[in-house]
Amino acid sequence: MLRRGSGKLNCWLGKQRGKDSSELSRLVAMERSTKLLMVLLVPRPRSACLPSANGKHFVQLAGIGLDAQAVKETSVAFKRSFGPLSYLVSAAQIASRPPPHLVIESKGAARIEGSFVLIGNGRLYGGPFPFFKRALIDDGLLDVVVFKRIGYLDIIRYLQDVIFSSSISMPDLEYFQTKRVRVSSEEEVPVEVDGELIGNCPVEFRVRERGLRVLAPI
């Protein structure tokens, strides 16, 4: 039996207080973690840029040349059978052909000639790959990557190099940011936005700053 004032009772009470304090600390830590998780996961309103190609709005990406040609030549049945791999198969078949001649014009920039053009509103291309290194969805600018007069096989090699490097500094590539850019060609060159064909060149891209409201975790 433990009596008040006895050493055993004081020791037992001390242990109980220690347990209670430890349990309270764990509960406080769990509550703080839960609140932090809720802050991170609960979507908050955010403004983003809204780009367009010949007046048609898109969200993330546009391509003129190789990837648009792959979209054009990949049948629905082939996509159902092979999924995203179907585009790679189509691109490999297209790679042996001569690329088109594109003319890229932008206000405040020199006229550029190229074989393939990608335009981004965010950093990613082809899934989780950070391709447009300086892109922000709310900076009011389009990120433009021009593959200069090189063949499709070289373009595919460069795509791999750009995806897995931290910057774009290659002699056959031009990377710049702008609010407006026009791409033209004397050939019939397809244009795609967010994986959807919208026609052929010429095409003019513009961006409306804060033109889109999105919900996203902070």
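Computed from a predicted structure; not experimentally measured.
Minimum interatomic distance between Gly122 and Ala135 (heavy atoms only, all atoms of both residues): O-CB, 3.3 Å. Across Phe176 and Ile112, no two heavy atoms sit closer than the pair CE2-CD1, 3.8 Å. Of all heavy-atom pairs spanning Pro190 and Leu197, the tightest one is CB-CD2, 4.1 Å. For Tyr175 against Lys133, the heavy-atom pair with the smallest separation is OH-N, 3.2 Å. Minimum interatomic distance between Ile198 and Ala53 (heavy atoms only, all atoms of both residues): CD1-CB, 3.7 Å. When all heavy atoms of Pro100 and Val189 are compared, the closest pair comes out as CB-CG2, 3.5 Å.
The existence of a salt bridge linking Arg97 and Glu73 is confirmed by a sub-4.0 Å separation between a basic side-chain nitrogen and an acidic carboxylate oxygen.
Residue Leu102 holds its CG atom at 7.0 Å from OG of Ser115, rounded to the nearest 0.5 Å. Here CG of Leu50 is found 13.5 Å from CZ of Arg206. Values are rounded to the nearest 0.5 Å. Atom CZ in Arg180 sits 9.5 Å away from atom OG in Ser106 (nearest 0.5 Å). Atom CG of Asp139 sits about 7.5 Å away from atom CG of Asn121, to the nearest 0.5 Å. Atom CZ of Phe205 is separated from atom CD1 of Ile104 by 10.5 Å, given to the nearest 0.5 angstrom.
Using a 4.5 Å cut-off between side-chain heavy atoms of Ile, Leu, Val, Met, Phe, Trp and Tyr, with links allowed through other members, Val203 and Val71 fall into different hydrophobic clusters. Val146 and Leu66 are assigned to two separate hydrophobic clusters, defined by single-linkage of ILVMFWY side chains at heavy-atom distances under 4.5 Å. Cluster annotation: Leu142 and Phe132 are assigned to distinct hydrophobic clusters (Ile/Leu/Val/Met/Phe/Trp/Tyr, side-chain heavy-atom contacts under 4.5 Å, transitive).
Between Leu173 and Val145, the closest side-chain pair of non-hydrogen atoms falls below 4.5 Å. Between Thr178 and Lys107, every side-chain heavy-atom pair lies at or beyond the 4.5 Å cut-off.
With no hydrogens or angles considered, a side-chain donor-acceptor pair links Glu113 and His101 at under 3.5 Å.
Using modelled atom types, one side-chain atom of Lys179 and one backbone atom of Gly140 make a donor-acceptor pair closer than 3.5 Å.
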Below 3.5 Å, can you tabulate the donor-acceptor pairs from side chains in residues 54-63 to any protein atom, sequence neighbours excluded?
from	atom 1	to	atom 2	distance (Å)
Asn54	OD1	Glu204	N	2.9
Asn54	ND2	Pro202	O	3.2
Gln60	NE2	Leu124	O	2.7

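With Ile119 as the partner, the side chain to side chain contact (heavy atoms under 4.5 Å, CB included) test is satisfied by one option alone out of Ile64, Val193, Val191, Asp143: Ile64.
By the side-chain contact (heavy atoms from CB on, under 4.5 Å) test, Glu188 is found to be paired with Lys72, Asn200, residues two or more places apart in sequence or in another chain being considered.
Using the six-membered ring where Trp is involved, Phe116 and Phe147 have ring planes that are parallel, under 30° apart on the 30 and 60° scheme.
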